[in-house]
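Here the structure comes first, spelled out in structure tokens, and everything after it is commentary.
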Amino acid sequence: MPMDFQILDADYQIVNGSGPVIRLFGRGADGKSVCCFVPDFEPYFYLKASGDLHAVARLIKDTFEQVQKVEIVKKFEPVGYQKTKKEILRITTRLPRDVPEIRDEILKIRDVLGAEGDWQIYESDILFRNRFLIDRDLGGMVWVSVEGKSVEPPRYFRTGPAGSSLRENFACDSAILASGLKRVESLAIAPLKYLAFDIECLPHDGGMPSPDVSPIIMISFSFEPAYNGHKTLILLAKPAAGMDGDVIPCRDETEMLNRFFEIICEYDPDIVAGYNHQDFDIPYITDRVKTLIAKGEVINPVVGRDGSQMGYRRFGLITRTELKGRVVVDALPLIRRAFSLKQYTLRVVSKELLNREKLDVAPMEMEEYWNDSGDKFKKFVDYSRRDSELAMELVLELRLLDKYIALAQVSGSLLQEIVDGGQTSMVENLLLREFRRKDRVILPKPGDELSSERYDMSSDLKGGEVLEPKKGLLENVLILDYKSLYPTIMMAHNLCYTTVVNRDRPDGETIKPPSGGEFVPPEVFRGIVPSILEDLLNQRGDTKKRMKRASDENECRVLDATQLALKILLNSFYGYSGYARARLYSLTLANAVTSFGRSNILNTREIINNTIGKIVLRGSAALLLEEAGELSSQDKIVELSVAYGDTDSVFVHCRSGGDISLEEISLVGNRLSEIVSASLPDPMELEFESVAKRALLIAKKRYALWLFEPKNSGWENKIKVKGMETVRRDWCELTSITLNRVLELVLIEGDVDQAVEHVRKVVNDVRNLDPGRDAELIEKLVLTRTLTRKPDSYKNKQPHLTVVENLRTRTGIMPSIGTRIPFVIIAGKGLFVERAEDPDYVREHNVSIDVDYYIKKQILPPVERILGVFGVKMSSLDFDSKQKGLFDFEVNKPEVKTQEKEKASSQKELEGMVQEEKLQCPENGRVEQRSLFDF
DNA sequence: TGATCTACCTAC
DNA sequence: TAAGGTAGGTAGATCA
């Protein structure tokens with residue numbers, strides 16, 4: 001009877017005498033975990049050689065006993081348009097590890113033969129499990145239906161209680177030796193089991209714990225679904241009485257660790273979650289176990305579905321953990337990628353994203369709490385339990401994995417690879433599949449030398465065009481943008497590695513991008529990348545259609561994740577082509593894409609400003625001047641000019657003698673989208689996105705819009721801020737809330753006076769700051785910056801470095817790279833950087849804040865950039881003296897086109913809506929999920 | 001003191 | 001076996 005399961009992980013095993021056997025690990029639709037053995041898949045790679053290929057083949061076969069067979073096959077080479085395939089060798093080895101082993105040796109054959117010409121190895125560095133998945137059209141989180149016979153699952157051994165003899169167990173529920181395997185199309189997700197855990201260590205004097213001396217004293221678990229009725233469990237490294245039913249006291253640390261591994265194996269989770277456990281808990285446990293074993297303790301750290309032990313490897317700054325057959329999901333990096341927050345400590349993240357409090361025990365107090373047997377001890381236990389609960393909730397409630405599961409299904413990469421890595425593995429996976437189908441081989445990954453050579457060249461890659469903004473406050477601005485600009489450019493112009501003209505010349509015309517280079521048109525050869533993109537785009541369209549039909553909420557979520565994954569993949573190909581470590585790197589290709597993009601946006605501006613110029617509104621029609629013919633007094637003429645644009649967007653300023661309603665502007669928007677789209681090659685499309693009733697353009701990449709979007713039967717409005725200090729995390733919260741208020745007053749109320757008044761009040765509050773009382777205000781003065789490298793590799797002093805240094809000398813704690821460091825600027829003499837201080841330290845020691853810095857450097861400059869537009873000057877400010885008038889605003893009554901009284905009716909209408917629909921400024925509202933790159 | 005460089009973060 | 005891309009604004013340190 002065939003059995004269906006979803007592929008979670010894959011690897012291979014060497015079976016004595018019969019070569020490699022692929023193992024697929026997964027969870028069945030029936031809820032059982034599976035290990036599926038697939039025999040008869042052989043490792044291979046390709047060699048392009050010169051001379052008599054038969055002779056080369058024979059020599060290779062005779063020289064290397066690892067080589068099973070050498071065949072001559074016809075393939076296209078990776079890059080460049082080619083009229084015909086070329087004969088190359090396909091070399092099959094006995095074991096996967098033979099491939100890298102003989103890869104370099106094999107080039108020596110060339111010297112033996114004294115052959116002239118180019119030899120090149122292809123596809124020798126593809127992991128065997130990936131090779132299998134690609135060749136069999138399988139992939140991560142894909143469903144398979146397998147036929148075969150039941151066999152015994154992998155086993156593991158572990159110590160029993162109190163030093164009893166070794167006990168043997170199966171590492172997963174079932175195993176099957178496959179005789180037939182086929183892909184099943186389904187977006188369903190198997191009933192996955194989630195386990196989250198967190199450890200507590202007992203450090204020396206509250207400093208950093210070290211696994212060779214500091215014991216692990218508690219481990220907490222969280223389970224979904226429950227484990228023997230428990231949602232959580234807490235293991236203690238000491239006996240204890242009077243604890244609740246989720247607490248398991250152990251004799252000592254060794255017994256606790258054995259229980260830990262036992263519970264993991266028994267529960268048999270698919271997903272092992274934690275918060276920073278990839279970098280901390282897992283390495284710590286691994287090292288601690290080693291330390292204890294070295295002392296003679298008996299611990300068997302089994303965690304894998306094949307009976308393998310826990311382990312980790314460090315690559316430079318990155319730690320990789322592998323739990324065979326399972327997926328390690330660290331919520332920290334996923335949250336960093338998905339949400340823009342000022343800090344990513346579990347405390348801040350839980351509060352911001354789950355609105356849940358982390359319980360806390362200060363490192364200095366841990367020892368006391370641990371040795372207590374009353375309330376303090378219980379508090380410590382609860383603190384530990386809460387941490388694993390939070391890790392689990394972050395993963396499940398924020399649905400952090402949905403996107404990654406969809407990406408695995410769509411790209412074919414294994415889930416772990418996607419969760420750990422970037423876009424490279426997904427793009428390469430798709431490329432390998434499609435190149436294989438079209439008989440084209442792919443290059444190996446570039447070495448360090450080639451990569452850095454490419455990296456030096458990559459300054460030759462030009463990016464998008466940013467139009468100079470028409471600075472100031474504008475009314476009635478249309479926002480249009482190109483849907484998936486770069487992918488559609490590649491499709492429209494057949495831009496691909498396989499169409500670039502660099503060896504064979506096609507007969508007819510070629511496509512010539514503005515950046516130079518030549519590409520063959522699709523009639524001559526349809527590029528592989530454009531065809532992949534087309535497929536992804538079609539799939540996305542279908543998915544969106546299915547989403548509209550879907551009634552089930554869960555189905556809708558899965559489909560939404562799928563269309564999002566498709567969008568991410570669509571947008572990954574351009575970046576990959578200019579990425580120095582890509583297998584397929586082509587500056588010609590990348591430059592062709594961006595150059596079409598630049599000329600496109602410039603063309604669009606030209607068409608709107610000059611070719612179209614004006615639109616006539618007549619009834620519900622938006623007409624070109626030539627369509628309108630004779631104009632009547634009923635007609636409304638809208639004059640168009642592009643006020644700004646960045647890469648794939650244009651902001652069109654609409655002016656007319658009288659008022660224009662949102663509906664009327666929308667008519668213009670739709671018409672523009674129609675006209676411009678019609679002038680573009682398929683599938684490029686300029687989309688009408690939204691209308692800004694008012695737009696404040698400050699500089700390139702810095703603006704605020706009062707946006708109106710159609711919603712149900714009315715309009716939904718909100719302020720959207722880009723690039724300004726309100727959305728920047730290296731400014732303090734006081735700056736963002738003040739600026740947000742100013743923007744509201746200016747954009748919605750059109751009331752500059754009130755904005756000035758507001759700023760005056762804020763400045764006054766700061767000036768009269770009383771550090772003892774205004775803890776809340778101080779909270780709003782905290783700045784944060786990312787520690788981006790090792791402290792000694794900075795050339796200039798930096799404020800957050802000062803804080804890191806202070807922290808290190810005071811507590812011995814060294815934040816890791818990537819951590820956001822909070823600080824405030826304290827009063828005193830000397831450089832700004834030297835006056836940065838840890839906010840906690842400031843609070844505890846009542847250090848005074850540099851009030852002047854906050855007023856002059858944090859509040860006023862950003863405010864001035866906005867209010868300056870209305871002629872508000874703050875030149876005559878003298879903050880150092882404590883005189884009467886703190887400062888004088890010179891308000892040149894702005895000719896605020898915004899305050900025209902005659903608009904009373906529409907104005908009132910708008911204000912009504914504002915009250916209904918509360919403003920969603922990023923800092924005030926719920927934290928928004930970070931959006932994607934999307935050109 | 002003004003010009004240049006370094007660092008960070010953001011828009012797309 | 002680490003990592004998609006470029007364009008751009010702003011602040012502060014450092015250089016000349």
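Note that these values count all heavy atoms, side chains included, but never hydrogens, waters or copies made by symmetry. Reminder, nothing fancy here: chain letters follow the sequence lines and each chain counts from 1.
- Between A:L783 atom CG and B:dA7 atom P the separation is 19 Å, expressed in whole Å.
- Taking only side-chain atoms of A:H800, from C-beta outward, the nucleotide of C:dA7, C:dG5, B:dC8 with the closest atom is B:dC8.
- For the pair A:K701 and B:dC9, the criterion of a side-chain N or O lying under 4.0 Å from OP1 or OP2 is not met.
- Residue-level contact check: A:S649 touches neither bases nor backbone, having no heavy atom under 4.0 Å from any strand.
- Rounded to a whole Å, the CZ atom of A:R785 is 13 Å from the C1' atom of B:dT10.
- Atom CD of A:Q423 and atom C1' of C:dG5 are 10 Å apart (whole Å).
- In this structure, A:R820 does not reach the B:dC8 phosphate: none of its side-chain N or O atoms is under 4.0 Å from OP1 or OP2.
- Listed nucleotides: B:dT6, B:dC9, C:dA11. Nearest to the side chain of A:R729: B:dC9.
- Note: CG (A:L801) to P (B:dC8) measures 8 Å, nearest angstrom.
- Within the nucleic acid shown, A:S577 has no heavy atom closer than 4.0 Å to any nucleic acid atom.
- The residue A:G463 sits close only to the backbone: its heavy atoms come under 4.0 Å of sugar-phosphate atoms, none of a base.
- Here A:Y794 reaches the OP1 or OP2 of B:dC8: one of its side-chain N or O atoms lies under 4.0 Å away.
- Looking at the side chain of A:R865, the nearest of the listed nucleotides B:dC8, C:dG12, C:dA11 is C:dA11.
- Using modelled atom types, one side-chain atom of A:H800 and one backbone atom of A:T786 make a donor-acceptor pair closer than 3.5 Å.
- Backbone-only engagement by A:Y853 is indicated by non-hydrogen atom pairs under 4.0 Å involving sugar-phosphate atoms exclusively.
- Positionally, the nearest nucleotide of DNA chain C for A:Y576 lies more toward the 5' end than for the other of A:Y576 and A:E465.
- Within the 4.0 angstrom heavy-atom criterion, only backbone atoms of the sugar-phosphate kind lie near A:K445; the bases stay farther away.
- Closest contact between the side chain of A:K700 and the listed nucleotides B:dC8, C:dG9, C:dA2 involves C:dG9.
- Looking at the side chain of A:R702, the nearest of the listed nucleotides C:dA2, B:dC9, C:dT10 is C:dT10.
- In this structure A:D481 satisfies the side-chain contact (heavy atoms from CB on, under 4.5 Å) test together with A:S649, A:E687, A:E689, sequence neighbours excluded.
- Checking C:dA13, B:dC8, C:dA7 against every side-chain atom of A:K797, the shortest atom distance belongs to C:dA13.
- The aromatic rings of A:H493 and A:F596 sit parallel, their planes meeting at an angle under 30°, below the 60° perpendicular limit.
- Contacts of A:Y703 with the nucleic acid, taken as non-hydrogen atoms under 4.0 Å apart, involve only primed sugar atoms and P, OP1 or OP2.
- Here C:dT6 presents its P atom at 14 Å from CG of A:L589, a figure rounded to the nearest Å.
- Look at A:R789 and you'll find a side-chain N or O under 4.0 angstrom from OP1 or OP2 of B:dC8.
- A:D460 places its CG atom 14 Å from the C1' atom of C:dG5, with the value rounded to the nearest Å.
- Not a single salt bridge (charged side-chain N to carboxylate O under 4.0 Å, His left out) links A:R540 to another residue, sequence neighbours left out.
- Between the side chains of A:D306 and A:Q13, no donor-acceptor pair is found at a separation under 3.5 Å.
- For the salt bridge (charged side-chain N to carboxylate O under 4.0 Å, His left out) test, residues two or more places apart in sequence or in another chain that qualify with A:R581 are A:D448.
- Set against B:dC8, C:dA7, C:dA13, the side chain of A:K462 has C:dA7 as its closest nucleotide.
- By the side chain to side chain donor-acceptor pair (under 3.5 Å) test, A:E465 pairs with no residue at all, sequence neighbours left out.
- A:Y585 has its ring centre no less than 6.0 Å from the ring centre of A:Y579.
- With C:dA3, B:dC8, C:dA13 as the candidates, the nucleotide lying closest to the side chain of A:V833 is C:dA13.
- Of the side-chain N and O atoms in A:T786, one or more sit less than 4.0 angstrom from OP1 or OP2 of B:dC9.
- Residue-level contact check: A:T424 touches the backbone only, with heavy atoms under 4.0 Å from sugar-phosphate atoms and none from bases.
- Between B:dA7, C:dA3, C:dA7, one nucleotide has an atom nearer to the side chain of A:R581 than all others, and that is C:dA3.
- The side chain of A:D646 sits closest to B:dA11 out of B:dA11, C:dA11, C:dG5.
- Under the 6.0 Å distance and 45° angle rule, A:R23 does not count as a cation-pi partner of A:Y12.
- Note: CD (A:E725) to C1' (C:dG8) measures 14 Å, nearest angstrom.
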Given Watson-Crick and G-U pairs under 3.5 Å, DNA chain C in dot-bracket ([ ] crossing, | other strand) is ....||||||||||||
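- Residues passing the salt bridge (charged side-chain N to carboxylate O under 4.0 Å, His left out) test with A:D730, sequence neighbours excluded: A:R728.
- For the pair A:L831 CG and B:dT6 C1', the computed distance is 14 Å after rounding to whole Å.
- A:L317 comes within 4.0 angstrom of no nucleic acid atom, judged by non-hydrogen atoms across all strands.
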